[in-house]
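Since the structure comes first, as structure tokens, the remarks are kept for the end.
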Amino acid sequence: MDYKSVVAKLIKSDELDKSEILAALAPTQDAKNGDLCLPCFKFAAKLHMAPPAIANKLKEDLLPDPLIEKTEVAGGYLNFYFNREIIAKNAIDAIANNNFTLPPLESNGKTVCIDYSSINIAKPFHIGHLLTTAIGGSLYRMYKYCGYNAVGINHLGDWGTQFGKLIVAYKKWGDDGDIEKRNIRALLDLYVRFHTEAEKNPELEDEGRYWFKQIEDGNEEALAIFHKFKDITLKEVSKVYDRLGITFDSYAGESFYNDKMQPIIDRLKEKGLLTISEGASVVDLEKYGMPPCLILKKDGTSLYATRDLAAAVYRKKTYDFYKCLYVVAYQQNLHFKQFFKVLELMGYDWAKDCVHVPFGMVSLEGAGSLSTRKGNVVFLSDVLDSAVSKSLEIINEKNPDLENKEQTAQDVGVGAVVFGALSGGRIKDISFSLDKALSFDGETGPYLQYTHARCCSIAEKAKGVTGKLDYSVLCDEDAFAVVKLLDAFYPTVLNALDKYEPSMVSRYLIDLAQAFNKFYVGSRILGEADDVAYTRLTLVKAVEATLKTGLNLILLNAPEKM
RNA sequence: GCGCCAUUAGCUCAAUUGGAUAGAGCGUUGGUCUACGGAACCAAAGGUUAGGGAUUCGAAUUCCUUAUGGCGCACCA
């Protein structure tokens, strides 16, 4: 419920605009100052009055409404204290009358493409890929929830000289039995070995280039090996996606655009954008304060930007997107600025709808930056396994009779890792530590899941409780804090989407769980009078529904017992 | 060298986007179990918001500047 606009309508003023007042209204920081406040300082110059005097005048002229129980002037603030029963009724009824679900918003018909995860073939799925995968996956769910048609795109890194190198390594040192057994880890070893050997024998690089050329030219042997690598990778990676609950609508990657770049180059030439510089074909961007965007190398072959241009045009044609997001680390900030500018110069007015959603770097605590070439990586599946087995240990210790132990341990262990990736602002660099990823106390995924399970448990035990809703029961500090948070769910999700920031939902869920747990320890349900018990139970079920829906938006399952 | 980003409690992060006494978690110390899940709750300690300047009723938030760290800057992606 949008109480700001309700209050704004009640404020009478000849000199002040409704929109001005609406913009100034803000939630209070502390409940003792009421629920909403109007700082009057900025009106002082216009009205030639002191802020407290303005607050007092507005207070006197305020139209009466049942929503507002009282108003107080404190300094230059006009504070509004709401009738808590009305707020509680609105918040609770919205969920209770919907059979304790928080339905998605209605479709608005808009399509959003989200390019995320975008793993490289024949390379490990390591913790460096966790952020793009989790952020993109969460945005995907949030867009769907908010009524958009979301298209998840895994822009596979399935082209380039590294495949030639890998073929060389495979032909020299490859062991099919080993690959069969250890699949992608065996490929990683080959890749690392190639780079160490190439330092001694630089001619290996030439061999690598030769074999990549064979792939491009359709050499059967080369293609067979390449496809074998691709199959192994996709099979392995899809296991991880399954565990994370991630899905894609398209796996069109780099190789997919190989035959779609010529029209781009033609159009660039047509528009007179392409110039030759140091033998390469570039789009000069000096006017815009950027280095040139390289389109073709001097040998005439294409580059990253070329493929991205082709992909963007293809996506616009195929999906007619309202927005196209690229969830890619901030290292590539400049690349996206250049690439979007080139799209714009090509005359595509939808270039403004392309958005880079950057995030911070992941390094290894104690071991520095991740490097596939050096083999300095931590496999995501290993991290998930550790988290799951720790979770299983805790379950065996605390709840040994639990059914579905394995699945629950998956939910909780994976949840801990994923929440860790989605709990902070995107842009912060992360120094990955297994200890931190395996923390289950405090502001963590398992804490949210625990709180949800607690709700389920009470609801189960209080099944027989019936009575009438008495909203006055929800007006004490602890219960009302929960009520206000329930009311903030949809605005929080919409705001998170607006900022492409899943962590806003994560923070919100932590706030809700903390408020709920505080309420929980202080307010009994079983054993209270019928109406009190029933009303509190209803609040519990509303929290349960909100936690479950919110957890789902940040990719966490919400087991009923754990 | 040029550009972009970051810097808030010992550590990891918030702060409704310019509002009231800057809040949480971890860790530390001390409490709460004969009520529904202790993966919990309560309390204490911990701050010149990296330093300096400016803007204004008001700045962690905007601008300038310095410092530290990260990233990027031509044929990798």
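Below, read A as the first sequence line, B as the second, and so on, with proteins coming before strands; counting in each chain starts at 1.
Pairing partner, B:U21: none, since no Watson-Crick or wobble contact has both distances short of 3.5 Å. Using the Watson-Crick or G-U wobble rule with both distances under 3.5 Å, B:U16 pairs with nothing in any strand shown. When both distances must be under 3.5 Å, the Watson-Crick or G-U wobble mate of B:A44 is B:U28. Across all strands shown, B:U49 remains unpaired; no Watson-Crick or G-U wobble contact has both distances below 3.5 Å. B:A6 and B:U68 make up a base pair, with Watson-Crick or G-U wobble contacts both under 3.5 Å. As the counterpart of B:C73, B:G1 is assigned, both hydrogen-bonding distances of the Watson-Crick or G-U wobble pattern falling under 3.5 Å. Here B:C36 sits opposite no nucleotide as a Watson-Crick or G-U wobble pair (both hydrogen-bonding atom distances under 3.5 Å).
Checked against the 6.0 Å centroid threshold, A:Phe163 and A:Trp211 do not count as a close aromatic pair.
Rounded to a whole angstrom, the distance from the P atom of B:C73 to that of B:G27 is 41 Å. Between B:G10 and B:A45, the two C1' atoms lie 12 Å apart (nearest whole Å). Using C1' as the reference atom, B:A77 and B:C41 are 50 Å apart when rounded to the nearest Å. Using atom P as the reference point in both B:U16 and B:U7, the two lie 14 Å apart (nearest Å). When the P atom is used for both B:A24 and B:G46, the distance is 15 Å, rounded to whole Å. Across the C1' atoms, B:U55 and B:G18 are found 12 Å apart, a figure rounded to whole Å. B:A6 sits 12 Å from B:A50 when the P atoms are compared, rounded to a whole Å. B:G58 and B:G19 are spaced 14 Å apart, taking the P atom of each and rounding to whole Å.
Among the heavy atoms of the strands, none lies under 4.0 Å from A:Leu402. A:Met290 comes within 4.0 angstrom of nothing in the nucleic acid, heavy atoms only. No contact: A:Pro358 has no heavy atom under 4.0 Å from any strand. Residue contacts for A:Gly360: at a heavy-atom cut-off of 4.0 Å it reaches no nucleic acid atom on any strand shown. Residue contacts for A:Ser363: at a heavy-atom cut-off of 4.0 Å it reaches no nucleic acid atom on any strand shown. The residue A:Lys461 sits close only to the backbone: its heavy atoms come under 4.0 Å of sugar-phosphate atoms, none of a base. Here A:Ala462 lies out of heavy-atom contact (under 4.0 Å) with every strand. Across all strands, A:Gly527 comes closer than 4.0 Å to no nucleic acid atom at all (heavy-atom distances). In this structure, A:Arg524 reaches the bases: a heavy-atom distance under 4.0 Å links it to at least one base atom across the strands shown.
Between A:Lys337 and B:G3, a side-chain N or O to OP1/OP2 separation shorter than 4.0 Å is absent.
Using modelled atom types, one side-chain atom of A:Asn56 and one backbone atom of A:Pro52 make a donor-acceptor pair closer than 3.5 Å.
For A:Tyr330 and B:A6, the OH to P distance is 10 Å, given to the nearest whole Å. One interatomic measurement links the two molecules: NZ of A:Lys518 to C1' of B:U32, which rounds to 14 Å at whole-angstrom precision. What separates CZ of A:Phe432 from C1' of B:G70 is a distance of 20 Å, to the nearest Å. The distance from atom CZ of A:Arg454 to atom P of B:A40 is 9 Å, rounded to the nearest whole Å. Nucleotide B:G25 holds its C1' atom 12 Å from the CG atom of A:Asp511, rounded to whole Å. Distance A:Leu303 CG to B:C73 P: 13 Å, rounded to the nearest Å. Whole-Å rounding puts the A:Ile430 CD1 to B:U12 P distance at 12 Å. If you take CG of A:Leu364 and C1' of B:G70, they are 16 Å apart, rounded to a whole angstrom.
Put simply, the residue from A:His48, A:Glu20, A:Glu15 that forms a side-chain contact (heavy atoms from CB on, under 4.5 Å) with A:Phe43 is A:Glu20.
At least one side-chain heavy atom of A:Ile295 sits less than 4.5 Å from a side-chain heavy atom of A:Leu274. A heavy-atom distance below 4.5 Å is not found between the side chains of A:Lys165 and A:Val168.
Contact annotation: side chain of A:Ser277 to base of B:A74, donor-acceptor pair present below 3.5 Å.
Nearest nucleotide to the A:Gln514 side chain, out of B:C5, B:G37, B:G25: B:G25. Checked against B:A6, B:C41, B:G37, the side chain of A:Val521 finds its nearest nucleotide in B:C41. Looking at the side chain of A:Tyr447, the nearest of the listed nucleotides B:C4, B:C36, B:C41 is B:C41.
A:Phe516 and A:Phe519 have tilted rings, their planes meeting at an angle from 30° to 60° on a 0 to 90° scale. Between A:His356 and A:Phe336, the ring-plane angle classifies as parallel under the 30° and 60° cut-offs.
Look at B:U17: its glycosidic torsion is within 90° of 0, and that puts it in the syn range.
Residue-to-nucleotide proximity on RNA chain B shows that, of A:Leu294 and A:Ile510, the 5′-proximal contact is made by A:Ile510. Nearer the 5' end of RNA chain B, as judged by each residue's closest nucleotide, is the contact made by A:Tyr450, out of A:Tyr450 and A:Pro291.
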*Go through the steps for A:Phe80 and A:Tyr3 under the test ring-ring contact (aromatic ring centres under 6.0 Å, His included), then give the verdict.*
CA-CA 11 Å; A:Phe80 300 88; A:Tyr3 295 110; over 10 Å; no

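A distance of 6.5 Å separates CD in A:Glu560 from CD in A:Glu544, rounded to the nearest 0.5 Å.
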Name each donor-acceptor pair under 3.5 Å that joins a side chain in residues 400-409 of chain A to protein atoms two or more places apart or in another chain, with its distance.
residue  : atom : partner  : partner atom : Å
A:Lys405 : NZ   : A:Asn396 : OD1          : 2.8
A:Lys405 : NZ   : A:Pro400 : O            : 2.9
A:Gln407 : NE2  : A:Asp411 : OD1          : 2.9
A:Thr408 : OG1  : A:Asn404 : O            : 2.9

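Residues meeting the side chain to side chain donor-acceptor pair (under 3.5 Å) test with A:Gln162, sequence neighbours left out: none.
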Is there any protein nitrogen or oxygen under 3.5 Å from a nitrogen or oxygen in nucleotides 16-20 of chain B, and what are the pairs?
residue : atom : partner : partner atom : Å
B:G19   : O2'  : A:Tyr77 : OH           : 2.6
B:A20   : OP2  : A:Gln29 : OE1          : 2.4
B:A20   : O4'  : A:Tyr77 : OH           : 3.4
B:A20   : N6   : A:Asn79 : OD1          : 2.6
B:A20   : N1   : A:Asn79 : OD1          : 3.3
B:A20   : N1   : A:Asn79 : ND2          : 3.1

